[in-house]
Structure formats: structure tokens, C-alpha cells
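Structure record follows, encoded as C-alpha cells.
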Amino acid sequence: MPELPEVETTCRGIAPHLAGRRITRLVVHDSRLRWPVDADLPASVSGQRVLGVSRRAKYLLIALERGTLILHLGMSGSLRVLHSPPPRRLHDHLDIELDDGGLLRFNDPRRFGSLHFTAGPPADHRLLAELGPEPLDSEFTPEYLYRITRSRRVAIKQLLMNSHLVVGVGNIYASEALFLAGIRPGRMARGLKREEASRLVEAVREVLSMAIRVGGTTLRDYVGADGNPGYFRQKLFVYERAGLPCRRCGSPVRHRTQGQRSTYFCPVCQR
DNA sequence: ATGGGCACCTGGCTGC
DNA sequence: TGCAGCCAGGTGCCCA
């Protein structure tokens, strides 16, 4: 799935097609997502105009006149904007029909995605209320990362992926950012020096912005709203490159399992 | 407060 | 060819 860059790419892709449109109908073909889609949800949103589309962490927020749709792509979800919609395919779970004949279709084979509606401010929703800062915002500073790591005995990679501390950094970009920063993923968080925390903040920013620039990373099923894959895969330094030569120094990239997730690093470039 | 492990689900690939 | 086993862009929740 989608990490922050893929969600951001999706957000930018669908926004122009949704903003200002009215939702004529929301059809739930299969409500069995990570949480069952509320049976009242279609009625709550139909007839409402879309004010805009934004992103918070890996959630897409579709702002309506009264309330907000909160959509998560899970591991394998994607959204497509369709104008002359082809017949539904396997795992097309949701259709949001628009007043200009357009259609926003949600496909998610693994069904880890989710859809909620909230009448209040989205930031107060239970899924969003406890989230950490956005990595591309100004609150994510070297000082912030240094401070929050002081009491933590977890590996720095796991800390990076903890959305209560900083959002949007998933398994691919955590490995990539640590490579750019020259830090081993297994290092205990509180062992980082000030200067390392600083490099890491910079690396997270850089890898995420670069990935957004090229439409995210497609490993298997991710496509943007226009149906095109992301091209960041070609720029990956370590992710899914176990045994291949490090793009910087040539020594073989290593793989290990950390917190039940695959981790990749260069034993020479990262210390 | 922190950390570890599990659960949710389907599909694609590997190796016997 | 068939099938078991393992792995995959996430993350909330329960337990120590």
C-alpha cells in the first residue's frame, strides 16, 4: 500500500475531479472493509457538495458541506476517477457517483482500507485525534525528533513508523530515509546523537518529497487516480534490494526482519 | 508510558 | 499440475 507519497498523489489526482461536484449517490458494494462501512453512511453524504479533498497522515479527507468522508487505502487500496465507467471488477467495493457523470471507484483486494463519515471536525475523529505531526510540516524538526527519541528503547525504524510520533512513514520510506541518513535501522532510538536526528529529519523530508514528485512507489498494485503507477521504485536505494549491490558503495544490501516487517540496509553506508 | 505481538484479508510467488 | 507455506505499501488493540 500506499504510504504518504501514494496517498498524496491520489489526493492530488482526485481533487480536481471532486471539488465543487455534488455526490449524487454513494454505493457500497461490499461493506466488509477493515471496519464495516456504516449502513447509514450513503444517506448521510448523498446530495452533498464536495468542498475539497485533503490528506492527514495516510487518510484522505473529502470535505462536504456538512461533515467529512475519511478514507484509508489500507495495504492494497486504490482510487480511480472514471468518466465512462467500465463494469465493476473484483474488489471494487465502493462507488461515489458525481453530478457530472464522473465516478470515484475504490478497489481494495485485501480490504484493509476503510471509510468513515464524521459530522464534526475530522481532527477530532478517533482515528485522527492521536496522530503525530506531518513529516513535511514545520513541527517535524530535528529538535522534535531528538526530544521524542530520548526515552525510547525501540529501534529507530520502528519509531519512525509509529504514527503517534510522526505520520506517513511506512515500511518502504523508513528503510530509504535511514539509508539516506546513514543510520542503521536497528539502532536504539535514544542512542541517536543530535546530529543524527537532524540528518534523519532531513532524509525523511527528502525521500517523501522526491517520491511525491514522481507519483509514489508502485511495487505491486498501487495506481494513482489516473490509473498510472508511481515511478519511485526505480529510485529505491535499499528496499527489496537484498543481495544487490548498494547503489552508493557496491556492497550487498542486507535484509532482516524487525518488528515483523522487512527491513533493508547497507552495512557499510549505515552505522 | 512503553513495547511486543496479533489480528484483519486476498493474491502471487516459491518450492516440494 | 497441485498445494502448502510464506510474503506483501497498515495499524488498532490487547497484553505484559
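Chain letters run A, B, ... following the sequence lines, proteins first and then strands; every chain starts at 1.
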Given [options], identify the nucleotide with an atom nearest to the side chain of [X].
X	options	value
A/W35	C/dT11, B/dT2, C/dG12	C/dG12
A/S262	C/dA8, B/dG3, B/dC8	C/dA8
A/L127	C/dG12, B/dG4, B/dT2	C/dG12
A/K58	B/dT10, C/dG10, B/dG3	C/dG10

Report yes if some heavy atom in the side chain of A/L127 is under 4.5 Å from a heavy atom in the side chain of A/H72; otherwise report no.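 SC-SC contact between A/L127 and A/H72 ruled out.
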
Hey, are the side chains of A/F232 and A/I212 touching, using non-hydrogen atoms and a 4.5 Å cut-off?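 When only atoms from C-beta onward are counted, A/I212 and A/F232 do not touch, as no gap falls below 4.5 Å.
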
Counting only side-chain N and O atoms of [X], is one of them less than 4.0 Å from OP1 or OP2 of [N]?
X	N	answer
A/H72	C/dT11	yes
A/S76	C/dA8	no
A/Y222	C/dG10	no
A/R261	C/dG10	yes

Less than 4.0 Å between a side-chain N and a carboxylate O, is that true for A/E143 and A/R147?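 Between A/E143 and A/R147 there is no salt bridge, as every charged N stays at least 4.0 Å from the carboxylate O atoms.
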
Can we say A/E176 and A/R241 salt-bridge, meaning some charged N sits less than 4.0 Å from an Asp/Glu carboxylate O? no

If you look at every strand shown and take non-hydrogen atoms under 4.0 Å, does [X] touch a base, only sugar-phosphate, or nothing?
X	answer
A/F232	nothing
A/R32	nothing
A/R34	base

Among side-chain atoms of A/D108 and A/S76, is any donor-acceptor pair under 3.5 angstrom?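 A donor-acceptor contact under 3.5 Å links the two side chains.
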
For A/H116 and A/D38, test the side chains for any donor-to-acceptor distance below 3.5 angstrom and give the result as yes or no.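 The criterion, which ignores hydrogens and geometry beyond distance, is not satisfied for A/D38 and A/H116.
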
Could you walk me through whether A/L219 and A/I172 satisfy the side chain to side chain contact (heavy atoms under 4.5 Å, CB included) test, starting with their C-alpha distance in whole Å, then the side-chain angles of each, then the deciding distance to 0.1 Å, before giving a yes or no? CA-CA 10 Å; A/L219 294 174; A/I172 299 179; 3.7 Å; yes

Want to settle it: does A/R126 or A/R110 sit nearer the 5' end of DNA chain C, counting the closest nucleotide to each? A/R110

Heteroatom pairs (N/O) under 3.5 angstrom, protein to nucleotides 11-13 of chain B:
{"from": "B/dG11", "atom 1": "OP1", "to": "A/H91", "atom 2": "NE2", "distance (Å)": "2.7"}

In dot-bracket notation, what is the pairing pattern of DNA chain B, taking Watson-Crick (N1-N3 plus N6-O4 or O6-N4) and G-U wobble (N1-O2 and O6-N3) contacts under 3.5 Å, with [ ] crossing and | for other strands? .|||||||.|||||||

note: A/L71, atom CG; C/dT11, atom C1'; distance rounded to Å ~ 15 Å

Decide side chain to side chain contact (heavy atoms under 4.5 Å, CB included) for A/L208 and A/Y173; before the verdict, give the C-alpha distance in whole Å, the side-chain angles of both, and the deciding distance to 0.1 Å. CA-CA 7 Å; A/L208 295 178; A/Y173 301 111; 3.9 Å; yes

Around atom CD of A/E130, are there more than 12 heavy atoms from other residues, nucleotides or ligands closer than 6.0 Å? no

Using the closest heavy atom to pick a nucleotide of DNA chain B for each, name whichever of A/Q260 or A/R153 lands nearer the 5' end. A/R153

